[in-house]
Visitor: 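First the structure, which I've put down as structure tokens, then a few questions once you've had a look.
Values below: all heavy atoms of this structure, side chains included; hydrogens, waters and symmetry mates excluded.
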Amino acid sequence: MRNFIQPGNVITAVTPNGGVASGDPVLIGSLFGVAATSQAAGEDVELAVTGVYDLPKAVGAVTAGAVAYFDASEGKVTTDADTGANKRVGIFVSPAASDATIARVRLDGAAS
């Protein structure tokens with residue numbers, strides 16, 4: 001195919017205000033991914049948009065198979081859609097206790 005660009009597992013984006021550190025969850029509009037490197041604001045950053053990652057988790061227990069949303073104001077994944085304010089980013093692939101600070105999430109490839 002002449003119009004094929006790339007598989008799309010990693011997308012280059014412009015780092016948002018505040019910059020990012022390698023492994024940070026990053027939301028830019030409806031693009032959600034995990035930063036592959038640390039970058040200052042305005043620089044290009046590679047975001048992994050598919051795969052399974054350990055991400056910072058909000059307070060509250062999660063079960064495997066539950067929908068994962070990203071609370072951009074907290075920078076954490078949660079089971080709470082917050083009436084549409086939090087973007088769906090994937091599925092929790094293992095349970096996590098209410099007080100756990102990390103949860104394992106399979107990314108959907110886009111935030112909706």
Side-chain angles (χ1 to χ4, degrees):
M1 289 179 284
R2 295 183 304 164
N3 56 345
F4 179 79
I5 305 298
Q6 66 173 336
N9 299 326
V10 176
I11 302 294
T12 303
V14 176
T15 303
N17 289 337
V20 297
S22 177
D24 279 355
V26 178
L27 179 65
I28 303 170
S30 290
L31 175 64
F32 180 83
V34 176
T37 58
S38 298
Q39 299 294 342
E43 294 181 345
D44 284 349
V45 64
E46 301 295 313
L47 298 178
V49 296
T50 59
V52 179
Y53 294 88
D54 285 338
L55 298 175
K57 182 188 79 63
V59 172
V62 300
T63 58
V67 174
Y69 297 92
F70 185 67
D71 181 342
S73 65
E74 296 292 325
K76 298 178 180 181
V77 290
T78 178
T79 58
D80 184 5
D82 194 21
T83 317
N86 295 338
K87 303 265 188 176
R88 177 191 169 126
V89 296
I91 300 292
F92 290 100
V93 296
S94 59
S98 181
D99 61 347
T101 59
I102 300 293
R104 190 158 288 168
V105 176
R106 182 194 179 279
L107 303 183
D108 282 346
S112 57

Visitor: State, to 0.1 Å, how close Ala96 and Ala103 come at their nearest heavy-atom pair, and which atoms those are.
Guide: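 Looking at all heavy atoms of both residues, the closest pair is CB-CB, 4.4 Å.
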
Visitor: Taking the side chain as every heavy atom from C-beta outward, state whether Lys57 and Ile102 have any pair of such atoms under 4.5 Å apart.
Guide: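 They are not in side-chain contact.
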
Visitor: To the nearest 0.5 Å, how far apart are OG1 in Thr37 and CG in Asp24?
Guide: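 Thr37 OG1 to Asp24 CG: 10.5 Å, rounded to 0.5 Å.
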
Visitor: On a heavy-atom basis, which atom in Ala35 and which in Ala21 lie closest, and how many Å separate them?
Guide: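 In terms of heavy atoms, the two residues are closest at CB-O, 3.6 Å.
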
Visitor: Starting from the C-alpha separation in whole Å, work towards a yes-or-no answer on side-chain contact (heavy atoms from CB on, under 4.5 Å) for Gln39 and Asp44.
Guide: CA-CA 7 Å; Gln39 299 294 342; Asp44 284 349; over 6 Å; no

Visitor: Is Ile91 close to Arg88 at the side-chain level, that is, under 4.5 Å between some pair of heavy atoms?
Guide: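 Arg88 vs Ile91: side chains touch.
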
Visitor: Could you check Leu27 against Asn86 for side-chain contact (heavy atoms from CB on, under 4.5 Å), going step by step and ending with a plain yes or no?
Guide: CA-CA 11 Å; Leu27 179 65; Asn86 295 338; over 6 Å; no

Visitor: Can Val20 be reached from Leu47 by stepping across I, L, V, M, F, W or Y side chains whose heavy atoms are under 4.5 Å apart?
Guide: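 Result: yes, single cluster for both.
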
Visitor: Would you indicate whether the side-chain heavy atoms of Val59 and Lys76 approach each other to under 4.5 Å?
Guide: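 No, too far: nothing below the 4.5 Å cut-off.
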
Visitor: So if you build clusters from Ile, Leu, Val, Met, Phe, Trp, Tyr with side-chain heavy-atom gaps below 4.5 Å, do Val45 and Ile28 land together?
Guide: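 Yes; Ile28 is reachable from Val45 via cluster members.
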
Visitor: For Thr79 versus Ala66, what's the shortest heavy-atom pair and its separation?
Guide: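 Smallest interatomic distance, heavy atoms only, reads CG2-CB, 4.3 Å.
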
Visitor: Going hydrophobic residue to hydrophobic residue with side-chain gaps under 4.5 angstrom, can you get from Val62 over to Tyr69?
Guide: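 Cluster IDs for Val62 and Tyr69 differ.
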
Visitor: Membership question, hydrophobic clusters at under 4.5 Å side-chain separation (ILVMFWY): are Val26 and Val89 in the same one?
Guide: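 Looking at the clustering, Val26 is in a separate group from Val89.
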
Visitor: Could you walk me through whether Val10 and Val49 pass the side-chain contact (heavy atoms from CB on, under 4.5 Å) check?
Guide: CA-CA 6 Å; Val10 176; Val49 296; over 6 Å; no

Visitor: Which atom names give the shortest non-hydrogen contact between Ala13 and Leu31, and what distance separates them?
Guide: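 Heavy-atom minimum between the residues: CB-CD2, 4.0 Å.
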
Visitor: Answer yes if Phe92 and Leu107 sit in the same cluster of Ile, Leu, Val, Met, Phe, Trp and Tyr residues linked by side chain heavy atoms under 4.5 Å apart, and no otherwise.
Guide: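 Hydrophobic grouping puts Phe92 with Leu107.
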
Visitor: Which heavy atom of Gly29 sits nearest to which heavy atom of Lys87, and what is that distance?
Guide: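 Of all heavy-atom pairs spanning Gly29 and Lys87, the closest is O-CE, 3.9 Å.
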
Visitor: Return the OG1 to CD distance between Thr15 and Glu43, rounded to the nearest 0.5 Å.
Guide: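 Rounded to the nearest 0.5 Å, the OG1-CD separation comes to 6.5 Å.
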
Visitor: Is there a side-chain contact between Asp82 and Asp71 (heavy atoms, below 4.5 Å)?
Guide: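 Side chain of Asp82 against side chain of Asp71, heavy atoms only: no contact under 4.5 Å found.
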
Visitor: For Ser22 and Ala36, indicate whether the former's side chain and the latter's backbone hold a donor-acceptor pair under 3.5 Å.
Guide: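 Such a contact is found between Ser22 side chain and Ala36 backbone.
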
Visitor: Taking the side chain as every heavy atom from C-beta outward, state whether Asp108 and Phe32 have any atom pair closer than 4.5 Å.
Guide: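 Answer no - side chains too far apart.
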
Visitor: Return the minimal non-hydrogen interatomic distance between Gly18 and Ala41, and the atom names on each side.
Guide: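 Heavy atoms of Gly18 and Ala41 come nearest at N-CB, 3.9 Å.
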
